[in-house]
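Scroll down for the structure; my scribbles are underneath it.
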Amino acid sequence: MRLQSAITVFTRSISVASGVFAPGRLGELTGFSPFELVDAVLQESLAVQRRLRDLPSRVGVYFLLALNLFPHLGYAGVWSKLTCGLGGLPVPTPSETALRLLRRRVGAAPMKALFEVVAGPLTQPHTPGVRYRPFRTVAFDDCGSIKVPDSERNRGWLGRIEYRLAWAGYPTVMLMALAETGTRGLLGAAFGPATGPGSGKRRTPPNCCPCSARTCY
C-alpha cells in the first residue's frame, strides 16, 4: 500500500493598521520600524499629511522602504507587494502617478530621521567575531557610480566628472557606509558629490557617523 506524504498546514495571523493605513507594513520587518516610530519621524520632519486621504504619509514611508527591497519592480509592482496579504480589505489601487506624488510629498527628511534612529550595532560585547580586544570592528565601503538625472539642480550640487576624453553624461553620487563586521549592520551612511566642483577630482563625502574611540577600522 502506497504511503501518502505527510502534509503540514501552517496558519498565521498578522496585525495591520485599520482603514487607509493598512498598506503601511513590511511583514516581519515592521518590527524594526513600527507604526509609532514612523509617525514620530513624520511629526518631527513636518511631513504628516494635512488631510487624510487614500495615501497617508505613513503608508508613503513604508512604500519608500519597499522600493529599496524590490529595486527591480516599478511603483505598481512594489505597491502590489505591500498589499498582497490584505485580501478582503478595502485597499486603494493608486496609479503610478499618484505613488510618485506620494514619494515626493514624503520627501527625504523622514527617511533620514528613520535611518538615524534604527542604524546601530546589532551585537552584544560578548558576541564572537565582532570585536578585537576592547574594540568593535567595523568596515567602510563606498559606491561612486550612482547616476542621477542630468538636471541643472543636480549638476549644481554634484558637479560633473571629467574623463580622459570628455565629460561624463550624468552627474554621479558617491555613497559611503559604515558597517559592523560580522553582522553587516549599518552604523551610518553619507552621500554627496563624487567630484569637486568642476575639477573632476574624486573626494570623500562627509563623516558617516560619530565613531567612538573604541572602534577599530
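Since the model is a prediction, treat every value here as computed from it, not as a measurement.
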Is the closest basic N to carboxylate O distance between K112 and E116 below 4.0 Å?
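Here K112 pairs with E116 in a salt bridge, since their nearest N and O are under 4.0 Å apart.
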Minimum-distance pair of heavy atoms, taken over all atoms of [X] and [Y]:
{"X": "P94", "Y": "W79", "answer": "CD-NE1, 3.3 Å"}
{"X": "G60", "Y": "V106", "answer": "CA-CG2, 3.9 Å"}
{"X": "F32", "Y": "L37", "answer": "O-CD2, 4.1 Å"}
{"X": "L187", "Y": "P121", "answer": "CD2-N, 3.3 Å"}
{"X": "A76", "Y": "L99", "answer": "N-CD1, 4.3 Å"}
{"X": "V78", "Y": "F70", "answer": "CG2-O, 3.9 Å"}

How long is the straight-line distance from CG of L73 back to CG of L67, given to the nearest 0.5 Å?
9.5 Å
Any chance you could measure R100, atom CZ, to L102, atom CG, to the nearest 0.5 Å?
11.5 Å
Identify every side-chain donor-acceptor pair in residues 48-56 under 3.5 Å, counting partners at least two apart or on other chains, and give the distances.
| residue | atom | partner | partner atom | Å |
| --- | --- | --- | --- | --- |
| Q49 | OE1 | S57 | N | 2.9 |
| Q49 | OE1 | S57 | OG | 3.2 |

Between E180 and L122, is there a donor-acceptor pair closer than 3.5 Å when you use the side chain of the first and the backbone of the second?
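A pair under 3.5 Å: yes.
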Checking the side chain of D150 only, and the main-chain atoms of Y170 only, is there a donor and an acceptor separated by less than 3.5 Å?
no
Taking [Y] as the starting point, is it possible to reach [X] by hopping between hydrophobic residues whose side chains are less than 4.5 Å apart?
{"X": "F191", "Y": "F115", "result": "no"}
{"X": "V41", "Y": "M111", "result": "yes"}
{"X": "L42", "Y": "V118", "result": "yes"}
{"X": "L69", "Y": "L186", "result": "no"}

According to the side chain to side chain donor-acceptor pair (under 3.5 Å) rule, which pairs have a member within residues 85-99, sequence neighbours left out?
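As it turns out, there is no side chain to side chain donor-acceptor pair (under 3.5 Å) pair with a partner in residues 85-99 once direct neighbours are skipped.
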Going by side chain to side chain donor-acceptor pair (under 3.5 Å), name the pairs with one or both residues in residues 31-47, residues two or more places apart or in two chains.
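Only D39-R58 qualify under side chain to side chain donor-acceptor pair (under 3.5 Å).
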Under the rule for salt bridge (Lys or Arg N to Asp or Glu O under 4.0 Å), what residues qualify as partners of K147, not counting sequence neighbours?
none
What pairs with I146 under side-chain contact (heavy atoms from CB on, under 4.5 Å), at least two apart in sequence or on another chain?
C143, V173, L175
Contact check, side chains of Y62 and F21, non-hydrogen atoms, under 4.5 Å:
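Sidechains of F21 and Y62: no contact.
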Hey, does M176 have a side-chain heavy atom less than 4.5 Å from the side chain of F140?
yes
Partner set under side-chain hydrogen bond (donor to acceptor under 3.5 Å, both in side chains) for T83, not counting sequence neighbours
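In terms of side-chain hydrogen bond (donor to acceptor under 3.5 Å, both in side chains), with neighbours along the sequence ignored, T83 is linked to no residue.
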Give a yes or no on whether R184 atom CZ has more than 12 heavy-atom contacts from other residues, nucleotides or ligands under 6.0 Å away.
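No, not enclosed.
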Close aromatic pair by centroid cut-off 6.0 Å: Y75 and F63:
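Under 6.0 Å, so yes.
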